[in-house]
Protein chains: 2
Amino acid sequence: MAKIRQGPSALEIVRTRSLASLVGQELEAMILDGRLPAGERLNEQQLALRLGVSRGPVREAVRGLERSGLVVSVRNQGSYVRSISAAEALEIYDLRAALTGFACARLAGAATAAQLRELEALVQRMEAAREADAAPAYYAANLEFHAALLTHGGGPRGLRIYEDLGNELHLFRRRALVEPENMRESNAEHAAILAAIAAGDAEVARAAGEAHIAGGKRRFQATDASQPAARPPVRPAGPRRTGAGRREGAG
Amino acid sequence: MAKIRQGPSALEIVRTRSLASLVGQELEAMILDGRLPAGERLNEQQLALRLGVSRGPVREAVRGLERSGLVVSVRNQGSYVRSISAAEALEIYDLRAALTGFACARLAGAATAAQLRELEALVQRMEAAREADAAPAYYAANLEFHAALLTHGGGPRGLRIYEDLGNELHLFRRRALVEPENMRESNAEHAAILAAIAAGDAEVARAAGEAHIAGGKRRFQATDASQPAARPPVRPAGPRRTGAGRREGAG
DNA sequence: CCCGGGCAAACTGTTGACAGACTGCACTTG
DNA sequence: CAAGTGCAGTCTGTCAACAGTTTGCCCGGG
């Protein structure tokens, strides 16, 4: 189950986070879960109204998202949710493979007992989810597993980069990545990674980590080929504005 | 000589870039070349006045820099140029090693003749700079070499991540990284990388790339130990404001 | 002499308003 | 009928102003 993230109190949030950062968080969530699909235009006024704030914080938030690659902006024209090509998606997979391999290699031999237990528990959680055919649970545990790998093996920066790349990947297409067969294959690879780390063999661990992401890339390509899905979305280099000009009938 | 980057005309710049992006570029340059040292507080009003703009664009720019890791912000207190610890610097080296190794491996066997020529020319430029004991020239060519490596082998994203990490590294301490002896050693490693790529051996290329950055890390540690330099700079978690309270004499 | 309350200043966070740019439709013209 | 021009509307870019908070100094008390 997803833990209810109690976190800081509402008052604490208001005291420590600025509106802009909260708006940024909300926009990021909206982009990642598809409420703002790739290619969508971000209307500042509308967003500000919808979120109950002024345009200033919205602009600041969008600027942050632009830097993180989720949004592209064109002067005097607006900001758009970035859309990436299939080729870019594959490139992202390659980078994630390199990062994961790096983290695994570094973890092999350096992992603490607690870290190994954590990873082991996650693999078991995924195994249980797979047997129960619970894709969302598997998905969540999978995220945690990779986050743990990167945190312990790649440090906060490695994790950050990995997650940013994952976010970009979400821009490609809205799609459930996990299917029953994939879960089995995927978790077997997880187990292989864990085994290599536990054994302390850096090179094997690296290869296992890279192979796992490469497997994800392969599965991605397979599902992608079967579902051409969304058409090459609105080009961010000059999309037409939606509602300009006269709106009411001429007469 | 550094080419004069003619680039787009002034009018073109004004038409395509917003003030916020220009301010961001300027702030980034100021941070990277040390005009805004690590730990320094960013006074919005002062910066706005100095750059001849209003506070809005400055705030947007700072928000972007925050996302890219050069700046940290605390609500109601201000933004500070980030300062990183020695441990973090070493971590960054490790990540750069992984990325460089990845790019080299990918380039081996996939490099075009033109790309090989480009890398070869850069190695020769560095060799010439080394013989002339021209550290700045070497430094520039070195940057180009690594940028070419990452561009051709890691794609735009790989390059971007690599450069962001390099920028973060600049936050650690202002220091000339290149010394005569280092240049010799460093360029020998460049040649080894190039040879492995040209030979098409991915694993050797990866090892050479990783070893080169590891060498940089070693050289970094060596110079670091000899020059403790700047004291552990102002903590970004609560530095005192400079000029508050009464300014003019009491009576 | 040390410590806590109070006051004043500066700065950030946020908002509202204004000017410029771009878009799209309707109309005129060859 | 096709192409060019004018016009209105919306939206972004930028600025100036207001409110809240934090910070530092001053002063009175123990």
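In what follows, chains carry the letters A, B, and so on, assigned in the order in which the sequence lines appear, proteins first and then strands, with residues in each chain numbered from 1.
- Here A:R106 does not pair with B:E91 in a salt bridge; the nearest charged N to carboxylate O distance is not below 4.0 Å.
- For the pair B:L49 CG and C:dT12 P, the interatomic distance rounds to 13 Å; values are reported in whole Å.
- Checked by atom type, the side-chain pair A:R41/A:Q77 shows no donor-acceptor distance below 3.5 Å.
- Between the P atom of C:dG13 and the CG atom of A:L51 lies a distance of 19 Å, rounded to the nearest Å.
- Under the salt bridge (charged side-chain N to carboxylate O under 4.0 Å, His left out) criterion, B:R55 pairs with B:E44, sequence neighbours left out.
- Of the candidate nucleotides C:dC11, C:dG13, D:dT14, D:dT14 has the atom lying nearest to any side-chain atom of A:R59.
- Note: CG (B:N76) to P (D:dA19) measures 16 Å, nearest angstrom.
- Distance B:Q46 CD to C:dC11 P: 8 Å, rounded to the nearest Å.
- Between A:N43 atom CG and C:dC22 atom P the separation is 18 Å, expressed in whole Å.
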* To do: Take B:F220 and B:F172 through the ring pair (Phe, Tyr, Trp, His ring centres under 6.0 Å) test and state the conclusion after the steps.
  => CA-CA 11 Å; B:F220 168 84; B:F172 179 63; 5.5 Å; yes
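- Residue-level contact check: B:Q45 touches the bases, meaning some heavy atom is under 4.0 Å from a base atom.
- The shortest distance between side-chain heavy atoms of B:E168 and B:R82 falls below 4.5 Å.
- In terms of phosphate contacts, B:R75 brings a side-chain nitrogen or oxygen within less than 4.0 Å of OP1 or OP2 of C:dT14.
- One can place CZ of B:R17 at 18 Å from P of C:dA21, the figure rounded to the nearest angstrom.
- B:E144 has a carboxylate O that lies under 4.0 Å from a charged side-chain N of B:R125, or vice versa, which qualifies the two as a salt bridge.
- One atom, CD of B:E60, and another, P of C:dT14, lie 14 Å apart when rounded to the nearest Å.
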Restricting to nitrogen or oxygen on both sides, can you table the protein-nucleotides 15-18 of chain C pairs closer than 3.5 Å?
residue: C:dT15; atom: OP2; partner: A:S54; partner atom: N; Å: 2.8

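- Checked for salt-bridge contact, A:E28 and B:R67 meet the test: a charged N lies under 4.0 Å from a carboxylate O.
- What separates CD of A:E44 from P of D:dT10 is a distance of 17 Å, to the nearest Å.
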